Amino acid sequence: MKREKHKGEPKSGLPIAKNADSQHNFFENVWDVARQIPKGRVTSYGSIAAYLGARSSARMVGWAMNGAHARKDIPAHRVVNRVGLLSGRAHFSPPEKMQALLEKEGIEVKDHQVVHFKELFWDPAIELAL
DNA sequence: TTACTGACGCCTT
DNA sequence: AAAGGCGCCAGTA
């Protein structure tokens with residue numbers, strides 16, 4: 001099924017509308033999912049977005065992570081891009097913090113990239129499916 | 001106000 | 001197979 005460009009969200013139920021209310025909700029949801037990422041595991045921006053029904057808004061997930069910095073219990077370091085690259089490292093206090101935190105959880109990071117990413121990948125769409 | 005940018009990712013060439 | 005295009009949308013210039 002080739003999607004016709006991916007214009008607009010299919011909104012499989014989830015309204016990621018344009019009103020401030022759902023935006024707020026979206027951010028909250030992102031943080032909520034992020035909080036559930038098990039220690040020692042990682043996920044991607046796109047996966048979280050997809051789980052929330054906004055598969056094309058992966059960028060907004062990244063933006064949400066900005067705000068996450070404010071809340072101390074959001075493990076933003078466990079969210080990387082779809083290839084396992086620590087694309088958000090630059091936004092950490094010391095940029096090396098992200099990698100350091102991951103390594104502290106036993107995740108091997110080489111050249112700004114999570115080693116064994118595929119095995120450590122935690123997909124909310126699957127893990128939180130039930 | 002319009003234009004560009006970006007913690008992204010899928011699609012077409 | 002690799003590279004470029006486009007959509008997403010909040011914030012900034």
Side-chain angles (χ1 to χ4, degrees):
Chain A
M1 74 175 80
K2 109 197 219 46
R3 49 203 134 201
E4 27 180 289
K5 294 309 188 175
H6 32 170
K7 50 175 155 237
E9 297 303 337
K11 298 183 172 63
S12 25
L14 282 274
I16 300 302
K18 331 235 171 208
N19 55 74
D21 230 29
S22 28
Q23 279 174 30
H24 177 71
N25 216 321
F26 180 70
F27 276 57
E28 291 293 327
N29 289 328
V30 170
W31 294 327
D32 197 51
V33 173
R35 251 190 295 262
Q36 301 179 63
I37 303 171
K39 186 178 175 213
R41 302 290 299 282
V42 291
T43 192
S44 69
Y45 304 95
S47 300
I48 294 177
Y51 175 70
L52 297 177
R55 84 176 191 296
S56 298
S57 304
R59 286 189 136 145
M60 291 304 100
V61 174
W63 196 252
M65 286 302 134
N66 267 352
H69 195 313
R71 353 245 121 176
K72 61 183 183 66
D73 33 340
I74 312 284
H77 60 283
R78 296 187 192 141
V79 185
V80 299
N81 75 0
R82 77 169 189 97
V83 199
L85 206 54
L86 280 56
S87 45
R89 73 193 124 71
H91 295 266
F92 281 75
S93 312
E96 306 79 39
K97 186 75 172 293
M98 187 174 187
Q99 176 168 340
L101 287 171
L102 289 173
E103 294 179 325
K104 196 149 85 167
E105 297 184 358
I107 297 176
E108 196 179 341
V109 179
K110 175 165 190 154
D111 200 24
H112 294 161
Q113 184 166 21
V114 175
V115 183
H116 306 316
F117 174 64
K118 186 169 181 176
E119 295 146 41
L120 296 174
F121 183 61
W122 181 85
D123 188 349
I126 295 177
E127 312 292 345
L128 301 180
L130 312 193

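Convention: sequence-line order gives letters A, B, ...; per-chain numbering from 1. Keep in mind that this is a model prediction, so the values were computed, not measured.
Of the candidate nucleotides dA7(B), dC8(B), dC8(C), dC8(C) has the atom lying nearest to any side-chain atom of Ser56(A). Comparing dG9(B), dA10(C), dA7(B) against the side chain of Met65(A) picks out dA7(B) as the nearest. Considering only side-chain atoms of Met60(A), the nucleotide from dC8(C), dC8(B), dG6(B) that sits closest is dG6(B). For Ala58(A), taking side-chain heavy atoms from C-beta onward, the closest of the listed nucleotides dA7(B), dG6(B), dG9(B) is dG9(B). When distances run from any side-chain atom of Ser57(A) to the nucleotides dC9(C), dG9(B), dA7(B), the shortest one goes to dC9(C).
For Glu108(A), the CD atom sits in a loose shell: 12 or fewer heavy atoms of surrounding residues, nucleotides or ligands are nearer than 6.0 Å.
A straight line from CG of Leu86(A) to P of dG6(B) spans 19 Å, rounded to a whole angstrom. Regarding Arg89(A), its CZ atom lies at a distance of 10 Å from the P atom of dC8(B), rounded to whole Å. Protein atom CZ of Arg55(A) is 10 Å distant from nucleotide atom C1' of dG9(B), rounded to whole Å. Between Asp123(A) atom CG and dG9(B) atom P the separation is 12 Å, expressed in whole Å. In this structure, Arg59(A) places its CZ atom 6 Å from C1' of dC8(B), rounding to the nearest Å. Rounded to whole angstrom, the span from the CD1 atom of Ile48(A) across to the C1' atom of dG9(B) amounts to 14 Å. In this structure, Leu102(A) atom CG and dA7(B) atom C1' are separated by 13 Å, rounded to whole Å. Straight-line distance from the NE2 atom of His91(A) to the P atom of dA10(C): 17 Å, rounded to whole Å.
Leu86(A) and Phe92(A) fall within the same hydrophobic cluster, where Ile, Leu, Val, Met, Phe, Trp and Tyr residues are linked whenever their side-chain heavy atoms come under 4.5 Å apart, directly or through other members. Following chains of ILVMFWY side-chain contacts shorter than 4.5 Å, one can reach Met60(A) starting from Val33(A), so the two form part of one hydrophobic cluster.
The side chain of Ser44(A) places an N or O atom within less than 4.0 Å of a non-bridging phosphate oxygen (OP1 or OP2) of dG9(B).
Ring geometry, Phe27(A) versus Trp31(A): the interplanar angle exceeds 60°, so the pair is classed perpendicular (tilted spans 30 to 60°).
With C1' as the reference atom, dA7(B) and dA3(C) are 22 Å apart, rounded to whole Å.
Under the 3.5 Å distance criterion, the side-chain polar atoms of Asp111(A) are left unmatched by any main-chain donor or acceptor of Gln113(A).
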